[in-house]
Amino acid sequence: MKDYLRSIIRTSLQQFDLSNDDIPEIQIEKPNQPEHGDAASNIAMNLASVLKMNPRKIAEQIVDGLDYDERKIQAVEIAGPGFINFRYAENYLFDALSNILNEGTSFGKSNSLGGKRILVEFVSANPTGPLTVGHGRNAVLGDTVANLLEWTGAEVDREYYFNNAGRQMRKLGESVRTRYLQLLDYDVELPEDGYEGEYIKDIAQELIDEHSDGLVDTEEVDPFKDKAEQVIFDDIQATLKRMNIEMDSFFNEKEVYQDGSINETVETLREKDLAYDKDGATWFRTTKFGKDQDTVLIKSSGEPTYRLPDIAYHANKLDRGYDQCIDVFGADHIDTYPDVLSGIEALGYDRSKVDVIVYQFVTLVKDGNPFKMSTRKANFVTLDDLMDEVGSDVTRFFFEMRDPNTHLEFDVGQAKEAGEKNPVFYLQYAHARIHSILRKIDQEYTFDVKDQPKLKLLTHKSETALIKSLLRFPEIIQSAADNREPHRLINYLEDLASIFTSFYHDCRILGEEEELVQARSALAKATAQVLANGLEILGISAPEKM
RNA sequence: GCGCCCGUAGCUCAACUGGAUAGAGCAACUCCCUUCUAAGGAGUAGGUUACAGGUUCGAGUCCUGUCGGGCGUACCA
């Protein structure tokens with residue numbers, strides 16, 4: 001419909017002497033006030049300075065030149081400083097409703113990203129401990145954005161990038177070894193900066209179950225580290241699965257070392273004079289890309305910093321033929337990704353193919369005070385704990401309902417309480433209510449399948465409002481996907497559920513004239529479908545009974 | 001010090017990328033279950049959109065400055 005409005009406005013604009021450059025994007029939006037119609041354009045105001053005319057005058061001329069289909073548009077009005085307001089025709093609404101019922105589980109899907117292959121990289125937590133609520137925002141955001149992109153036609157792969165080498169993993173192995181020895185009554189102390197979590201003891205216990213005291217004399221950390229990695233990864237995957245997240249691939253940082261691309265990357269940068277040696281280290285000329293300082297790629301110890309494998313990894317992604325790579329990470333990485341972009345640009349890739357979703361940190365509040373989480377110090381709240389308390393639907397919803405770009409406060413003490421009266425139930429409840437009615441209709445009525453519902457009977461203002469809300473669904477998905485902002489979908493679904501509830505109170509279904517029962521049940525069914533499709537994208541269940 | 005993000009009702013957050021009278025949910029108060037699920041509904045109250053300027057037909061949204069909070073600013077990841 002928006003496209004249709006844009007096209008007829010564009011046609012009418014031909015009466016003005018305007019070059020294409022002078023015509024701004026034609027914006028169509030839904031007015032806040034119902035009296036202002038179903039759709040509005042501010043085009044006349046935008047053209048006022050170009051045409052040097054009074055915007056209302058421009059609006060009048062545009063409207064005079066509008067050639068619109070009366071089966072779609074019932075009325076066009078000019079209001080305020082020069083808004084052009086459109087009212088949809090009833091027939092259009094009925095056609096749209098019938099279209100929703102026909103499309104069913106695919107209603108809302110589009111092909112705007114058709115043919116595009118997109119890689120979404122998210123979670124990417126190193127296997128040093130269980131996933132915490134801090135990771136939760138990343139995990140849910142990444143998965144939901146991936147779902148949104150799939151609904152707009154893209155072919156999406158989900159990837160988890162990790163590093164099982166390096167200092168932190170070594171500390172982890174040492175910590176397991178210490179706990180192992182302690183469980184066997186040896187008097188040893190946890191190393192400095194060791195991992196203090198209870199889960200380390202569990203891993204040590206597993207080693208005892210498998211090897212008894214056979215590892216007591218093992219000096220190398222590897223057997224402990226490898227066991228820890230395996231146990232922790234199993235745990236992480238179980239947590240993800242519980243949250244309805246399934247990765248397509250896991251990428252070990254080690255791969256970019258083994259296939260030589262680390263070296264290639266450095267060599268290429270050297271050839272282009274973007275890398276050089278100084279003080280025993282290898283530096284990346286990030287000053288060429290607008291930074292204040294150059295950045296170390298390889299430390300004087302010979303060990304690369306994380307930036308180098310990051311650059312090689314992103315090049316690897318693009319080599320795999322993705323049209324777009326999306327990274328999801330927290331605000332603490334905000335200063336590092338420009339280096340990665342500069343790096344792949346230097347290697348000859350198109351940096352616009354890498355897109356980054358930065359989300360702000362989750363602030364944990366316990367007993368009214370904020371506190372810092374640290375995996376190493378074991379003061380964290382795991383996602384599993386959270387799901388034990390409130391379930392996975394509430395957990396996902398919680399991370400999806402807020403703008404990624406704002407700080408999110410999470411009160412542990414109120415988690416369960418919030419779980420009991422969480423807005424997610426409002427959506428699920430509306431869905432369950434509809435199915436309850438549909439079950440009763442199934443029992444009490446037998447509509448002839450060939451008998452199309454007489455949608456023309458749906459003229460109550462609550463019915464009209466509900467239909468109008470339903471048909472916005474596809475454009476909501478589009479904007480949520482384009483902006484990588486799942487909370488837009490949540491806001492919409494809450495609004496829809498609220499409009500449905502008004503309909504539910506104003507318009508009875510059971511016990512009315514049979515034709516009206518059929519028409520209203522069709523409307524209810526379409527509503528349930530949209531709620532279910534929306535919840536599907538959010539990775540949240542849509543129960544038929546509650 | 002410098003860079004990025006945030007500041008909206010008592011609390012947690014929206015506001016369709018600059019639109020018309022800034023909205024929900026909790027919490028508070030008043031009502032509504034002989035009616036398809038009360039996990040619901042109707043209503044009351046609650047605001048100088050941190051502050052000060054600026055840009056224009058129009059600013060919560062854009063620009064400048066101030067204040068407050070978060071995160072960075074490593075040869076850590």
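Here is the naming used below: chain letters follow the sequence lines, and residue numbers restart at 1 for every chain. Source: prediction; values computed, not measured.
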Check every strand shown and say whether [X] touches a base, only sugar-phosphate, or nothing at a heavy-atom separation below 4.0 Å.
X: A:Asn46; result: base
X: A:Ala48; result: nothing
X: A:Phe361; result: nothing
X: A:Asp279; result: base
X: A:Tyr426; result: sugar-phosphate
X: A:Ala524; result: nothing
X: A:Thr406; result: sugar-phosphate
X: A:Asn163; result: sugar-phosphate
X: A:His333; result: base
X: A:Leu408; result: sugar-phosphate
X: A:Lys30; result: base
X: A:Asp482; result: nothing
X: A:Glu35; result: base

Of all the choices, [options], which nucleotide is nearest to the side chain of [X] once you look at every atom?
X: A:Asp332; options: B:rC16, B:rU37, B:rC71; answer: B:rC71
X: A:His505; options: B:rG41, B:rA38, B:rC75; answer: B:rG41
X: A:Ile334; options: B:rC4, B:rU37, B:rG19; answer: B:rC4
X: A:Asn42; options: B:rG19, B:rA39, B:rA14; answer: B:rG19
X: A:Asn32; options: B:rA39, B:rG19, B:rA20; answer: B:rA20
X: A:Ala331; options: B:rU35, B:rC71, B:rA20; answer: B:rC71
X: A:Ala432; options: B:rU37, B:rU12, B:rC57; answer: B:rU37
X: A:Ser436; options: B:rC75, B:rU37, B:rA20; answer: B:rU37
X: A:Thr305; options: B:rA20, B:rU37, B:rC75; answer: B:rC75

Check if the side chain of [X] and the base of [N] share a donor-acceptor pair of N or O atoms closer than 3.5 Å.
X: A:Ser300; N: B:rC75; answer: yes
X: A:His407; N: B:rG69; answer: yes
X: A:Tyr306; N: B:rA77; answer: yes

Qualifying residue, where the test is side-chain hydrogen bond (donor to acceptor under 3.5 Å, both in side chains) with A:Thr287 and the options are A:Asp294, A:Asp292, A:Thr295: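 Exactly one pass, corresponding to A:Asp294.
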List in chain and number order the residues that pass side-chain hydrogen bond (donor to acceptor under 3.5 Å, both in side chains) with A:Tyr306, two or more places apart in sequence or in another chain; answer none if no residue qualifies.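 Applying side-chain hydrogen bond (donor to acceptor under 3.5 Å, both in side chains) to A:Tyr306 gives none.
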Checking one value: the base orientation of B:rC5, syn if chi is within 90 degrees of 0, otherwise anti.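 What B:rC5 shows is an anti base, its glycosidic angle lying more than 90° from 0.
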So that I can tick it off, tell me whether A:Asp279 and A:Lys299 are bridged by a salt bridge, with the cut-off set at under 4.0 angstrom between side-chain N and carboxylate O.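 So A:Lys299 does not pair with A:Asp279 through a salt bridge.
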Could you work out, with salt bridge (charged side-chain N to carboxylate O under 4.0 Å, His left out) as the rule, every residue matching A:Glu544, not counting sequence neighbours?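 Residues passing salt bridge (charged side-chain N to carboxylate O under 4.0 Å, His left out) with A:Glu544: none at all.
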Strand partner of B:rG1, provided both Watson-Crick or wobble distances fall under 3.5 Å: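 Its partner is B:rU73.
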Find out whether A:His431 and A:Met546 are in side-chain contact, i.e. whether some heavy atom of one side chain is under 4.5 Å from a heavy atom of the other.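 Answer no - side chains too far apart.
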Taking the side chain as C-beta and beyond, is there a heavy-atom pair between A:Leu141 and A:Pro486 under 4.5 Å?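 Answer yes - side chains close enough.
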B:rC76 phosphate, OP1 or OP2: any side-chain N/O from A:Lys299 under 4.0 angstrom?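 Looking at the OP1 and OP2 atoms of B:rC76, one of them is under 4.0 Å from a side-chain N or O of A:Lys299.
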A:Asp403 CG to B:rC6 P, straight-line distance once rounded to whole Å: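 Nearest whole value for this atom pair: 8 Å.
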Could you check how far CD1 of A:Ile298 sits from P of B:rC76, rounded to whole Å?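 About 13 Å, once rounded to whole Å.
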